Amino acid sequence: MEHIRSYYAATANTLTVYPALRGGNSADVCVVGAGFTGVGTALTLAERGYSVAVVEANRVGWGASGRNGGQIINGMAGLAKLRAIHGEASDDLLWKLRWRGNDIIRERVARYNIDCDLKDGYVEVAPKARQLGMFDDYLAEMDKHGFPYRYERWDRDTTRAMLGTDAYQGGFICYRDGHLHPLNLCIGEAAAAASLGVQIFEQSPVTGLEHGKRVRVRTAAGHVDADAVVLAGNAYSRLEPKYLSNLVFPAGSYIIGTEPLPAKVVEEINPLDVAVCDVNRIVDYYRLSADKRLLFGGACNYSGRDPTDIKAFILPRLLKVYPQLKGVRIDFEWGGKIGIVLNRVLAVGRIGPNIYYSHGYSGHGVCATHLMGEILADAVGGTLERFDLIARLKPYRIPGSRSIGNQIIALGMLYYRLKDLL
Ligand SMILES: Cc1cc2nc3c(=O)[nH]c(=O)nc-3n(C[C@H](O)[C@H](O)[C@H](O)COP(=O)(O)OP(=O)(O)OC[C@H]3O[C@@H](n4cnc5c(N)ncnc54)[C@H](O)[C@@H]3O)c2cc1C
């Protein structure tokens, strides 16, 4: 399939046209899926001298990586659980894991000169006063680690002045996080990988794997034989059901894009041009695009059914935060699937000796996918410390079909929505 009609596809620097996989091919490593996880893994491996083939069912960045909120948010699902298991001695290691994805993105953008509207600054905001305590914890943690980048706690008045809304009690801004055009990043990283010799195949859904010392990755029209395979299809993957079903559940997240806003409005609602996300369980997230549209997303849908009218679903949430935008034109509306794991840890592991997977970023994947790309490349090369640490976090499985699982997730999220409201 081609890209959906999103703001990102409409403003991509270039749309990729890599060939479809035909006939027999061979590589050291075959990666299935060309989102951030797959492309990141392939690029890291190519930088280390491996021959790599990437097989993508649709287009580079077609999945969540090319549709997301573009918010660069440090961390990854499961860090708190790792801290609980390994105690204080793991603090430094976990702190490094937490920020490594941010570093990789910035290193890539600089090294390969990727034009993706990268901006510094991400603010978390608290709709309720009782949520403000977490910002004190952030502050204490960053002070403790001597975090070298700028960060600040915002009181209610500062938050109102910086975001032009009365919706929040306060916020916490970190300038090492930020935002970007995710499809342009993914396409730029794929171009960098291709320039290093990675073979990229598009419009080539993988239909199955034949396990063995050399794994055969099959599509309808061809195959790749490889020493190792990395499965990077996240919420869109159906491969290896014996090992991976009932682990990651696809949930919908939706974004609308306004018309470009006048300079006066931009100055009122986001003069610092930062990404914003609230701290509710069911989050609202938003930011300005390079051409000053408000890209506003949220309202995860765990039922497995997309809303028929995304604008009708999201616009009331936007207007609750910015009533002054009543009447604004909505030029774009789209959605994508995030991979949810019930106990919010990554679903990372190995099937047999040479098939690796990393799925289930639970909607928090721009940085974590970049971190996992590096960790998967390490694992393929035999360095397993960080891979094993994360793979030890066991994701909950829900026995039964995918659809039953989604209904359970829907019930769980209803519970969280009620908690947010209370
Ligand atoms: C609307 C939305 C907003 C989001 N906002 C943010 C945000 O602001 N910040 C943040 O950190 N995270 C956000 N996320 C989450 C983030 O986008 C994802 O965690 C991340 O992009 C996952 O990347 P991935 O490469 O693992 O998977 P994907 O980008 O989904 O890529 C998987 C790819 O695998 C391919 N594939 C699947 N099966 C096969 C097969 N059998 N054969 C070949 N190819 C296959 C698919 O076609 C797809 O291209 C958001 C997600 C969505 C949907």
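Predicted, not measured: the structure shown is a model, and the values here were computed from it. Whatever order the structure lists them in is the order used to number ligands and atoms, beginning at 1.
- Contact annotation for Tyr361 and ligand 1: only side-chain heavy atoms (C-beta onward) come within less than 4.0 Å of the ligand.
- Heavy atoms of Arg238 found under 4.0 angstrom from ligand 1: none, in either backbone or side chain.
- Below 30°, between 30° and 60°, or above 60°: for Tyr7 and His181 the angle between ring planes is between 30° and 60°, a tilted geometry.
- Applying the 4.0 Å criterion to heavy atoms of Asn58 picks out, from ligand 1, the atoms 47 (O).
- Distances from atom 38 (N) of ligand 1 to the heavy atoms of Tyr254, Tyr357, Tyr122, Tyr236 show the closest one on Tyr236.
- Each of the following atoms of ligand 1 lies closer than 4.0 Å to a heavy atom of Tyr285: 1 (C), 2 (C), 3 (C).
- In this structure, the separation between CD1 on Ile187 and OG on Ser65 is 11.0 Å, given to the nearest 0.5 Å.
- The contact set between ligand 1 and Val32, taken as ligand atoms under 4.0 Å from a residue heavy atom, comprises 40 (C), 42 (N), 43 (C).
- By heavy-atom distance, the residue among Arg59, His370, Glu56, His3 lying nearest atom 33 (C) of ligand 1 is Glu56.
- In summary, the atoms of ligand 1 found under 4.0 Å from a heavy atom of Pro205, numbered by their order in the structure, are 42 (N).
- Under 4.0 angstrom from ligand 1, the non-hydrogen atoms of Leu239 all belong to its side chain.
- Taking the charged nitrogens against the carboxylate oxygens, Glu267 and Lys292 have no contact shorter than 4.0 Å, which rules out a salt bridge.
- Atom numbering of ligand 1 starts at 1 in the shown order; those under 4.0 Å from a heavy atom of Val55 are 43 (C), 44 (N).
- Remark: ligand 1 atoms within the under-4.0 Å shell around heavy atoms of Ala232 are 32 (C), 33 (C), 34 (O).
- Shortest contact from atom 52 (C) of ligand 1 to any protein heavy atom: Ile338 CG2, 3.4 Å.
- Near Gly69, meaning under 4.0 Å from one of its heavy atoms, ligand 1 places the atoms 3 (C), 4 (C), 5 (N), 6 (C), 7 (C), 8 (O).
- A salt bridge links Glu107 and Arg100; the closest N-O separation between the charged side-chain nitrogens and carboxylate oxygens is under 4.0 Å.
- The heavy atom nearest to atom 14 (N) of ligand 1, considering only Asn68, Asn234, Asp177, is found in Asn68.
- Applying the 6.0 Å contact sphere to CG of Asp309 captures more than 12 heavy atoms from other residues, nucleotides or ligands.
- Assignment of Gly363 to the shell around ligand 1 is supported, since a heavy atom sits closer than 4.0 Å.
- One option in Gly233, Gly365, Ala64 has a heavy atom closer to atom 36 (N) of ligand 1 than any other, and that option is Gly233.
- Looking at Val366 against ligand 1, both its backbone and its side chain come within 4.0 Å, counting heavy atoms.
- With respect to Glu333 and Arg5, no salt bridge is recorded, no charged nitrogen being found less than 4.0 Å from a carboxylate O.
- Heavy atoms of His364 found under 4.0 angstrom from ligand 1 belong exclusively to the backbone.
- A side-chain contact (heavy atoms from CB on, under 4.5 Å) with Ile255 is found for exactly one of Phe296, Tyr285, Phe332, namely Tyr285.
- Looking at Gln71, Met1, Gln203, Arg67, it is Gln71 that brings a heavy atom closest to atom 9 (N) of ligand 1.
- In this structure, CD in Glu47 is found 4.5 Å from CZ in Arg111, a value given to the nearest 0.5 Å.
- Between atom CZ of residue Arg98 and atom CZ of residue Arg83 there is a gap of 12.0 Å, rounded to the nearest 0.5 Å.
- Interface atoms of ligand 1 facing Gly70, defined by a heavy-atom separation under 4.0 Å, are 8 (O).
- Within 6.0 Å of CZ on Arg22 lie no more than 12 heavy atoms contributed by other residues, nucleotides or ligands.
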